[in-house]
Amino acid sequence: MARTYSLFDAPPPPSAAPPETVSVGALTAQIKDVIEARFGHVRVEGEIANWKAHGSGHCYFSLRDADQADAQVRAVLWRTSARGLAFRPSDGMRVRAVGRIAVYEPRGQYQLIVETMQPAGAGAWRQAFDALKAELADEGLLDAARKQPLPRLPERIGLVTSGSSAALQDMLMVLGTRFPSVEVLLCPVKVQGDGAANEIAEAIDAFNLAADDRATPAELRADVLIVGRGGGSVEDLWAFNEEAVARAIARSSIPVISAVGHETDVSIADLVADVRAATPTHAAELAVPDRRDVAGLVYGFHEALRLHTGRVLAEHRHRVQSLVRSRGFNRPLDRLDATRQRTDDLAERLRLAGERLTRTPRLHLDALAARLRALDPEAPLRRGYALVGRGSTAVRSAALLDAGDTVTLRFLDGERTAEVKAAP
């Protein structure tokens with residue numbers, strides 16, 4: 001007969017056998033298997049606390065909720081992953097970490113093995129930016145006194161940017177238009193994402209290594225570097241806010257122009273560089289002079305040389321004439337004819353010397369002026385021709401145009417838009 005219990009009776013104890021006794025290590029191993037199999041990869045957002053970078057390169061810290069300080073998880077960032085960080089972590093910074101849950105058996109604690117980590121929100125990006133800026137400022141790397149001047153007439157421009165960007169095409173067009181004789185050395189790099197900062201820093205170092213190595217051919221030595229990219233989000237531009245890029249720019253013996261994003265975008269690279277450009281196009285304008293200004297400078301030198309030579313000849317001629325008219329010179333009549341002859345010879349020699357002095361420089365300057373005039377893109381326009389363009393690119397062949405394309409016709413006094421029609 002089944003036994004019944006009242007509400008006040010305690011149920012009988014279970015009849016199951018007690019669990020098997022195991023060692024602490026075995027229990028920890030079982031817990032480890034369950035936790036690691038259950039969670040795998042996780043994405044966690046929280047605030048960094050107790051950040052410690054070990055001498056081995058590994059970093060240990062905790063992640064906690066800002067509004068719940070008693071909820072936290074221990075985390076570790078191994079050296080290989082720490083090298084790939086795009087910012088400098090610190091206590092109080094809010095981050096988003098991706099990794100896996102693991103159990104550290106010697107302590108019986110679970111922890112997050114972080115594989116990648118980035119600031120969470122605009123405030124965290126700003127905090128990382130300000131921290132690195134303050135460190136570099138303390139070292140004097142932002143001081144104006146250490147900035148290098150740009151060369152007035154560079155022969156070669158080194159570009160460190162993406163090899164397939166619109167910013168690159170804009171810079172090449174400006175350089176070719178303003179100063180066609182300049183040579184361009186391109187080192188294409190990643191400008192965003194993992195590894196971008198290291199590629200940029202390595203490219204800057206490579207240009208400097210070539211400049212310092214006398215065995216490197218002259219045509220591979222850049223006189224000035226343009227480092228940058230077009231616009232984008234904070235995350236897109238962040239490679240130029242990393243310490244590796246900043247220190248590569250700071251140790252560069254070649255003057256560096258930083259051209260990152262738009263005018264309102266200010267990066268760490270802008271602050272460390274010798275010159276900051278508002279845009280990549282502006283950087284190209286700063287790197288080389290306008291050929292028309294150079295032509296005016298050459299003409300000015302030509303005129304100065306001509307006037308100086310004429311002044312020297314006039315002074316010598318006046319001295320000779322004064323000597324001939326002097327009383328002492330005319331006293332010995334028997335020497336008058338010989339002295340006059342020598343005076344004429346001296347005047348002729350001075351005239352010939354003056355012509356020889358100015359002939360070669362004048363021919364050289366005239367040749368330079370003629371070459372510059374030949375390169376003037378407005379010369380064909382003055383003869384009645386027009387330049388055909390599509391967007392910001394010049395059209396050099398009819399094969400590049402199809403019926404229905406819209407082109408821009410540039411005349412001497414303005415521009416007009418035209419539509420391409422099929423040939424009859």
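No side-chain heavy atom of L185 sits under 4.5 Å from any side-chain heavy atom of I157. Side-chain atoms of W51 and S90, non-hydrogen and from C-beta on, never get closer than 4.5 Å to each other. Using a 4.5 Å cut-off on side-chain heavy atoms (C-beta onward), R362 and H302 make contact. Taking the side chain as every heavy atom from C-beta outward, V288 and P154 approach each other to under 4.5 Å. Using a 4.5 Å cut-off on side-chain heavy atoms (C-beta onward), L409 and T417 make no contact. Residues L136 and R247 are in side-chain contact: their nearest non-hydrogen atoms beyond the backbone lie under 4.5 Å apart. You'll find the side chain of T393 stays beyond 4.5 Å of the side chain of Q169, heavy atoms only. Side-chain contact between V245 and I268 is absent, with no heavy-atom pair separated by less than 4.5 Å.
Considering all non-hydrogen atoms of both residues, A203 and V189 come closest at CB-CG1, 3.8 Å. When all heavy atoms of I226 and A287 are compared, the pair lying nearest together is CD1-CB, 4.1 Å. Minimum heavy-atom separation, A386 to F411: CB-CE2, 3.6 Å. Taking both residues in full, the closest heavy atoms of A403 and A422 are given as CB-N, 3.8 Å, listed atom of the first, atom of the second, then distance. Between G232 and L237, the closest heavy-atom pair is O-CD1, 3.8 Å. Listed here is the closest heavy atom pair of A244 and A201: O-CB, 3.6 Å.
The closest donor-acceptor contact from the side chain of D143 to the backbone of A145 lies at 3.5 Å or more, if one exists at all. A donor-acceptor pair under 3.5 Å is absent between the side-chain atoms of R351 and the main chain of A353, judged by distance alone. Looking only at distances, a side-chain donor or acceptor of T161 sits under 3.5 Å from a matching main-chain atom of G228. With hydrogens and angles disregarded, no donor-acceptor distance shorter than 3.5 Å links the side chain of N208 to the backbone of D205. E199 contributes a side-chain N or O that, together with a main-chain N or O of K190, makes up a donor-acceptor pair within less than 3.5 Å. Listed for the R229 side chain is a donor-acceptor partner under 3.5 Å among the backbone atoms of D236. In this structure, the side chain of T177 engages the main chain of M173 through a donor-acceptor pair within 3.5 Å. A side-chain donor-acceptor contact under 3.5 Å links R146 to the backbone of L141. Put simply, the side chain of Q148 gets close to the backbone of S252: a donor and an acceptor are under 3.5 Å apart. A donor-acceptor pair is defined here as one N or O able to donate and one able to accept, closer than 3.5 Å; no such pair exists between the side chain of R276 and the backbone of S267.
Heavy atoms of other residues, nucleotides or ligands lying less than 6.0 angstrom from NE2 of H41 number more than 12. For D212, the CG atom is densely surrounded, since the number of other residues' heavy atoms within 6.0 Å is greater than 12. Atom CD of E303 has more than 12 neighbouring heavy atoms from other residues, nucleotides or ligands inside a 6.0 Å radius. Surrounding CZ of R178 are more than 12 heavy atoms belonging to other residues, nucleotides or ligands, all under 6.0 Å away.
For the atom pair OG1 of T279 and CG of D170, the computed distance is 8.5 Å after rounding to the nearest 0.5 Å. Between the CZ atom of R74 and the CG atom of L63 there is a distance of 12.0 Å, given to the nearest 0.5 Å. Note that CD of E348 and OG1 of T343 are 13.5 Å apart. Values are rounded to the nearest 0.5 Å. Separation of atoms CZ (R96) and CD (E45) is listed at 4.5 Å; rounding is to 0.5 Å. The line from CD of E183 to CZ of R221 is 13.5 Å long, rounded to the nearest 0.5 Å. Atom-to-atom distance recorded for L186:CG and L159:CG is 6.0 Å, nearest 0.5 angstrom.
Ion pairing of R156 with E219 is absent here, as no side-chain N (NZ or NE/NH1/NH2) approaches a carboxylate O to less than 4.0 Å.
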*Determine, stepwise, if the pair L225 / I254 fulfils side-chain contact (heavy atoms from CB on, under 4.5 Å).*
CA-CA 7 Å; L225 300 181; I254 306 173; 3.8 Å; yes
_Walk me through whether L271 and F129 qualify under side-chain contact (heavy atoms from CB on, under 4.5 Å)._
CA-CA 11 Å; L271 302 177; F129 180 97; 4.3 Å; yes
*Walk me through it: do V191 and F240 pass the test side-chain contact (heavy atoms from CB on, under 4.5 Å)?*
CA-CA 8 Å; V191 294; F240 296 90; 4.2 Å; yes
_Test side-chain contact (heavy atoms from CB on, under 4.5 Å) on F61 and N50; report intermediate values, then the result._
CA-CA 5 Å; F61 59 102; N50 304 317; 5.7 Å; no
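Screening V42, I113, L112 against R100 for a side-chain contact (heavy atoms from CB on, under 4.5 Å) leaves a single residue, I113. Tested against D130, the residues Q127, K133, R126 include a single side-chain hydrogen bond (donor to acceptor under 3.5 Å, both in side chains) partner, R126.
Relative orientation of the Y60 and W78 rings is perpendicular, given thresholds of 30° and 60° on the angle between their planes.
For the residue pair S56 and H54, a side-chain donor N or O sits within less than 3.5 Å of a side-chain acceptor on the partner.
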